[in-house]
> 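Handing you this structure, nothing more for now.
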Amino acid sequence: MAVAGAKSTAAPRSTGTLKKSVVEILVVAIVAAAIGCAASYSQLQLFSTKPAEPRPDQATETPSPPAATSVFHLPPLVTNLASPADVWVRLEVSLVIDTLSTPHPDVLSTEIAGDFLIYMRTLTLAQLEGGVGLQNLRQDLFERAAIRSGGKVTELVVRTLVIQ
């Protein structure tokens with residue numbers, strides 16, 4: 001049973017030991033950071049001073065020539081969205097097309113631009129919001145370009161997207 005007026009026997013923690021503990025933790029953190037920096041610097045020096053030696057099997061191999069691809073900048077696509085109808089979108093896209101297997105890449109890029117314009121008119125503002133919306137738009141446009149070209153479009157780059 002506790003007596004009403006009795007003092008607690010546990011001594012409160014003094015501020016001196018608290019300060020000492022904080023200082024000890026800070027010193028340990030600084031020493032650990034210094035050791036980490038020194039280790040990473042030594043690794044950097046190890047990799048940068050060592051010259052690259054060609055392997056014997058690499059010397060006999062000839063590099064394969066890059067595939068013949070060209071970048072086609074589509075004309076800016078300007079259209080309104082499905083919802084809200086008073087919101088306009090300007091989209092600039094570039095396509096990387098395999099020109100060896102495509103007889104008329106200019107005609108193909110024009111057909112793809114028409115598909116993009118039709119698709120953009122079906123979107124809502126909520127579908128384009130945020131980074132996820134931009135990534136989904138890019139994936140959808142790439143899929144449409146790949147289907148239209150029969151797999152000859154190897155990359156799609158969204159250069160600008162302005163929503164007004």
Side-chain angles (χ1 to χ4, degrees), residues 22 25-26 28-164:
V22 170
I25 291 172
L26 287 174
V28 169
I30 291 171
V31 169
I35 290 172
C37 288
S40 65
Y41 179 74
S42 67
Q43 289 293 331
L44 181 64
Q45 289 297 328
L46 176 68
F47 289 122
S48 65
T49 59
K50 192 174 189 179
E53 298 176 10
R55 296 188 318 215
D57 59 340
Q58 280 184 338
T60 59
E61 293 178 9
T62 58
S64 61
T69 58
S70 296
V71 177
F72 288 89
H73 302 291
L74 299 182
L77 305 172
V78 180
T79 185
N80 60 334
L81 295 177
S83 173
D86 60 339
V87 174
W88 288 82
V89 175
R90 177 187 167 109
L91 177 70
E92 293 182 14
V93 179
S94 295
L95 301 172
V96 179
I97 299 176
D98 180 17
T99 54
L100 287 180
S101 61
T102 308
H104 303 287
D106 294 330
V107 174
L108 178 63
S109 64
T110 305
E111 291 173 352
I112 291 172
D115 288 347
F116 288 174
L117 186 63
I118 293 169
Y119 174 70
M120 292 298 293
R121 292 188 58 108
T122 65
L123 296 176
T124 63
L125 184 60
Q127 291 174 310
L128 296 175
E129 290 179 346
V132 174
L134 181 62
Q135 184 64 31
N136 289 338
L137 174 67
R138 185 188 171 285
Q139 288 174 350
D140 290 342
L141 293 177
F142 178 72
E143 288 175 7
R144 289 177 180 281
I147 290 170
R148 171 63 81 170
S149 68
K152 294 177 178 97
V153 173
T154 59
E155 188 67 35
L156 179 132
V157 179
V158 176
R159 293 183 315 193
T160 60
L161 175 67
V162 179
I163 301 172
Q164 183 177 345

> Not counting sequence neighbours, list each pair that qualifies as a salt bridge (charged side-chain N to carboxylate O under 4.0 Å, His left out) and has a residue in residues 129-142.
Arg138-Glu155
> Would you give me the side-chain donor-acceptor pairs under 3.5 Å for residues 80-91, sequence neighbours excluded?
from  : atom 1 : to     : atom 2 : distance (Å)
Asn80 : OD1    : Arg121 : NH1    : 3.3
Asn80 : ND2    : Ala85  : O      : 3.4
Arg90 : NE     : Glu92  : OE2    : 3.1
Arg90 : NH2    : Glu92  : OE2    : 2.6

> Can you give me the closest heavy-atom contact between Pro105 and Thr99, atom names plus distance?
CG-CG2, 4.3 Å
> Sort and list the pairs that fulfil salt bridge (charged side-chain N to carboxylate O under 4.0 Å, His left out) and have at least one residue in residues 106-115, not counting sequence neighbours.
Asp115-Arg148
> Could you grab the distance from atom CD1 of Ile163 to atom CG of Leu128, nearest 0.5 Å is fine?
4.5 Å
> Could you give the distance from NZ (Lys152) to CD1 (Ile112), rounded to the nearest 0.5 Å?
10.5 Å
> How would you list, by chain and number, every residue that makes a side-chain contact (heavy atoms from CB on, under 4.5 Å) with Val71, sequence neighbours excluded?
His73, Ser94, Val96
> Over all heavy atoms of both residues, which pair between Leu74 and Arg159 is shortest? Give the atoms and the distance, please.
O-NH2, 3.8 Å
> Roughly how far, to the nearest 0.5 Å, is the OG1 atom of Thr154 from the CZ atom of Phe142?
7.0 Å
> Looking only at heavy atoms, what is the nearest atom pair of Leu141 and Phe116, with distance?
O-CE2, 3.2 Å
> Between Leu77 and Ala113, what is the shortest heavy-atom contact and its length?
CD2-O, 3.8 Å
> What is the distance from atom OG1 of Thr110 to atom NE2 of His104, rounded to the nearest 0.5 Å?
12.0 Å
> Can you find a heavy atom in the side chain of Leu137 that is under 4.5 Å from one in the side chain of Tyr119?
yes
> What heavy-atom pair brings Ser109 and Ile97 nearest, and what distance separates the two atoms?
CB-CD1, 4.4 Å
> For Ser70, give me all partners under side chain to side chain donor-acceptor pair (under 3.5 Å), at least two apart in sequence or on another chain.
none
